[in-house]
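Working notes, structure below.
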Protein chains: 2
Amino acid sequence: MKYQIILASASSRRRELLAQIGIPFTVQAAEGEEKCEARLPQKQVEELSFHKALEIAGKAEGNVVVIGADTLVFFRGKPLGKPRDEKEAAGMLKTLQGQTHQVYTGVTLIWHHRGALRQRSFHERTDVTVYPMTEEEILDYVKSGEPMDKAGAYGIQGLFAKFIRKIEGDYYNVVGLPVGRLYQEMKAEGLLQ
Amino acid sequence: MKYQIILASASSRRRELLAQIGIPFTVQAAEGEEKCEARLPQKQVEELSFHKALEIAGKAEGNVVVIGADTLVFFRGKPLGKPRDEKEAAGMLKTLQGQTHQVYTGVTLIWHHRGALRQRSFHERTDVTVYPMTEEEILDYVKSGEPMDKAGAYGIQGLFAKFIRKIEGDYYNVVGLPVGRLYQEMKAEGLLQ
């Protein structure tokens, strides 16, 4: 069975990652839900990714696999979303500097198999340790504009690389899509023939 | 004191990483030594990075900081260099798949301070865990050409991302330059004013 793969995300970073591992796909961005009922970080990101995948799967026809993904940054169990303004961005960075936090990406695959809808959701967690940052470094980084569209107010793949001490887990999970795990899951489900 | 920063490496990956963190620099590629006397992985990469930095520092004039770097992949304490041919590349990948290995990058900074030559060498270690790979996946990856100019026969920043289960340490250290640690060391030595 040959599937057409649809990425249900407007994120250019996710698009680049999927292209990087050589999987052909098209993009149909889902609006997504802002709210979710789950409490646990791993359940929150899986639920949010499920909403995105379902939204696009509902409109799709033919042999398609829809990939939904959602990334959240957690510090001591509390989620940090995208900052609303520079002040909030500086506050988030002040929280994260010198500490270890968790990045969760939830992924949901939805596809048809012999007339039945099938679904697989999973998540990856990566621990990220940030070097201590001075007030000046935080303000300079906020001024670069990089934090504004990113959960937790930083982009590990950009300028912020110089403040990362170490990670434990998948790097690409922090960028926004755990491509190693995604490839393994799709392979196991026979979605990559 | 304002320093001109020279990267003593021909690697386009190291150049991109240094540019990514916003440090202005020029490139003067060192030939480097193939041999080194050290036995321990961390000493080997530091020694090799020192040879590169010294080679360029010996030709440089004015207020310069020279950055030398060397990356080696170790499996159970044995170094894996760049594969000489496709067969060797496939052999290395067969060794690494399904296992955890170590990537060490050594970095040496050489600069002048008040008429005296100063030096600082350090290293970072990252543990990389690779998913099990089939014979076919190994051959396909070798055919992509990506392994040929890379220590350990893979590029974490390329197609190989889909075979990475997790890492522990700095991601950029695996790409070839631990930019977080490098930035911190240069800041501490007052080389970034």
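A, B, ... follow the sequence lines: proteins, then strands. Residue 1 opens every chain. Below, all heavy atoms of this structure are taken into account, side chains as well, without hydrogens, waters or symmetry copies.
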State plainly whether one hydrophobic cluster holds both [X] and [Y], where clusters connect Ile, Leu, Val, Met, Phe, Trp and Tyr through side-chain heavy atoms under 4.5 angstrom apart.
X: A:L109; Y: A:V66; answer: no
X: B:V64; Y: B:I110; answer: no
X: B:I67; Y: B:F122; answer: yes
X: A:L40; Y: A:V45; answer: no
X: B:L72; Y: B:L80; answer: no

Residue by residue, which of [range] have a heavy atom closer than 4.5 Å to a heavy atom belonging to chain B?
range: residues 5-26 of chain A; answer: A:Q20, A:I21, A:G22
range: residues 139-169 of chain A; answer: A:I156, A:Q157, A:G158, A:L159, A:A161, A:K162, A:F163, A:I164, A:R165, A:K166, A:I167, A:E168, A:G169
range: residues 170-186 of chain A; answer: A:D170, A:Y171, A:Y172, A:V179, A:G180, A:R181, A:Y183, A:Q184

Give a yes or no on whether B:K187 atom NZ has more than 12 heavy-atom contacts from other residues, nucleotides or ligands under 6.0 Å away.
yes

Return yes when atom CD of B:E31 has more than 12 non-hydrogen atoms of other residues, nucleotides or ligands closer than 6.0 Å, and no otherwise.
no

Here the ring pair (Phe, Tyr, Trp, His ring centres under 6.0 Å) pairs for residues 34-88 of chain A, sequence neighbours left out, are A:F74-A:Y104

